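For reference, the structure discussed in these notes is given below.
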Amino acid sequence: MIKTMTGEWTRRRFFAGLAAAGVAGCFVQRGEPALAQTVLSSDEAIRELIAGNERFVAGNITSFPEDLKILKAKTVDKQEPFVSVLACADSRIPVELIFDQTIGHIFVSRVAGNMVTPEIVASLEYGVAVLGTKAILVMGHTGCGAIAAAIQAKEVPGQISVLYQHLMPAIAGAHGDISLAVKMNAAYQAKLLSESSTVIAKAIKDGGVKVVSGSYDLGTGRVTLSA
Ligand SMILES: [Zn+2]
């Protein structure tokens, strides 16, 4: 098990062994052989993501010991992320870190307010249609500045207010409650994505893809999926 190994040389030899054995993917955190990530089902992908978040919350990060040089080398020609995540641009949400993942594992799209725009749809469609991700998590977070600003309809410089139009329909029913608005927005954007993308809608219908929403708690580090 990688966790019981100590020393750079030992880790390198372990990873080199995996590479030599032609093992696809890069999962080694739990002492298991690496998996081809795209073989995960939707439910397995979501479970993997949440299990990683539980390790993060518990302070048991296991992705750090992975050899980044080898991971980079193994992913130069292809990527096989097991899941896509749409998250806010907020600096307090380093997506890979909070799910205890590293290079090549998560196909991440980020924009303030984790909203679905045509460019975001295009990115996530690429994740599903080309890379084969079986699950998409749309993730809001507590204390989201974009949502707070939209609720208050704050006057903001430049083009920042462009964000509001994407958030207003989602948060209209929250009556100023930011925590509720964050959850409503994530659910709304997930629904919008599921319905507005022909690629993703078909993948859902065919049973190959799940789109879920959730929220990240800045204080606890925990991600809670919406029911
Ligand atoms: Zn935010």
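On a predicted model such as this, the values are computed, not experimentally measured, just so you know. As the structure lists them, so they are numbered: ligands from 1, and atoms in each ligand from 1.
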Output, by chain and residue number, all protein N/O/S atoms separated from the Zn ion (ligand 1) by less than 2.8 Å. Cys88 SG, His141 NE2, Cys144 SG
Just list the side-chain donor-acceptor pairs under 3.5 Å for residues 155-170, sequence neighbours left out, or say none.
from   : atom 1 : to     : atom 2 : distance (Å)
Tyr164 : OH     : Lys154 : O      : 2.7
Gln165 : NE2    : Val162 : O      : 3.1

Would you say that Ile50 contacts Leu225 through its side chain, given a criterion of any heavy-atom pair below 4.5 Å between the two side chains? yes
How about Arg110 and Ile93: do any of their side-chain heavy atoms sit closer than 4.5 Å? yes
With sequence neighbours left out, write down each residue that passes salt bridge (Lys or Arg N to Asp or Glu O under 4.0 Å) with Arg92, or none if nothing qualifies. Asp90
Given Val138 and Val85, is the side-chain contact (heavy atoms from CB on, under 4.5 Å) satisfied, shown in steps? CA-CA 6 Å; Val138 179; Val85 173; over 6 Å; no
Taking only residues two or more places apart in sequence, or in another chain, which ones meet Asp206 in a salt bridge (Lys or Arg N to Asp or Glu O under 4.0 Å)? Lys202
